[in-house]
2 protein chains.
Amino acid sequence: MENAPSLRNVKSQNAVLEALHQVNHATASEILDWLKVTQKNMKVSLTSVYRALNHLVATSQVKPLNFNDGQVRYELNTHAMHHHHMICTKCNLIQVLDLCPFDDIADKVKDTFSIQYHNFELFGLCGNCK
Amino acid sequence: MENAPSLRNVKSQNAVLEALHQVNHATASEILDWLKVTQKNMKVSLTSVYRALNHLVATSQVKPLNFNDGQVRYELNTHAMHHHHMICTKCNLIQVLDLCPFDDIADKVKDTFSIQYHNFELFGLCGNCK
DNA sequence: TCGAAAATGAAAATCATTTTCATTTTTCTC
DNA sequence: GAGAAAAATGAAAATGATTTTCATTTTCGA
């Protein structure tokens, strides 16, 4: 009989995925905070969160985001959750942008590049700051 | 008579702009290396490069790029130089992408967001790695 | 149940970037 | 021009996010 697929390391990865379902564009330490509050019986360290995130990124389940504020944020890399962001460079407001410019382009590069994820961010001044 | 516009701080900023004309998506320390080689009479420190970059970003002359490798890269934020990137997540090859998905979207958000710059990157496997 | 392989957390290390601070350079005023 | 105030500079220290190390614990197949 085939062995069941290994469940190794999957517990912390699942916990991180669960956090990312709840907390949008979360940093590693925001994920840890969320886990501490909601999974009180589970003991997790920041190190494990980083390790889980790195694995999830390597397997294209999660994508990293950079809002140019010195920390990496993470999002689920699923079609259903797909969206982009507008980041205010003055007050750091993050707004979700449901438009995606990508579909057009995917076609055009698909012969030479196998896309795992893409990022698209607008930086500028939000309505209050401009 | 009006005072001439201040030239303060402009020397290092100009040197950095010159470097960015020559070196595409350069990191701060790559810029410093370039300045050391090409501007032998000019003494510049990494600190000054960072300061100049921060000012150039704040004034929208330069935009920061994140290729998810732990360092920030910089590019001129000019229409003429405008392009995007495809980053291979395995071998780190960076390819220039001349397609831009942006023009469409700019129109749609222009009433609520004053855009300073935008980033668009594809992450995946290049032709050799896939 | 045993043992190998992998996962874990705490602490230390790393490394890009920022801050501090004393010094030098620039610019404005007289 | 000379002198003073403001800003720029570099070196070194500080910061802070992320990774690595390493000793211990957990998992899972045999």
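- Side-chain nitrogen and oxygen atoms of A/N54 include none within less than 4.0 Å of the OP1 or OP2 phosphate oxygen of D/dT18.
- Contact annotation: B/Y50 does not reach the phosphate of C/dT18 (side-chain N/O to OP1 or OP2, under 4.0 Å).
- Dashed line: the shortest gap from a side-chain N or O of B/T27 to OP1 or OP2 of C/dA16 is not under 4.0 Å.
- The side chain of A/S45 lies closest to C/dA10, out of C/dA10, D/dA11, C/dT17.
- A/T59 places a side-chain N or O within donor-acceptor distance of the main-chain N or O of A/H55, the cut-off being under 3.5 Å.
- Ranking C/dG9, D/dT27, C/dT17 by closeness to the A/K43 side chain, first place goes to C/dG9.
- Side-chain N/O atoms of B/K11 include none lying less than 4.0 angstrom from OP1 or OP2 on D/dT9.
- Taking only side-chain atoms of B/R51, from C-beta outward, the nucleotide of C/dT17, C/dT8, D/dA11 with the closest atom is D/dA11.
- Nearest nucleotide to the A/V44 side chain, out of C/dT17, C/dG9, D/dT18: C/dG9.
- Here the side chain of A/V72 is nearest to one of D/dT18, D/dT19, C/dT18, namely D/dT18.
- The A/T47 side chain lies nearest to C/dA11 when the options are C/dA11, D/dA17, C/dT26.
- Using a 4.0 Å cut-off, some side-chain N or O of A/S12 falls inside it from OP1 or OP2 of C/dT8.
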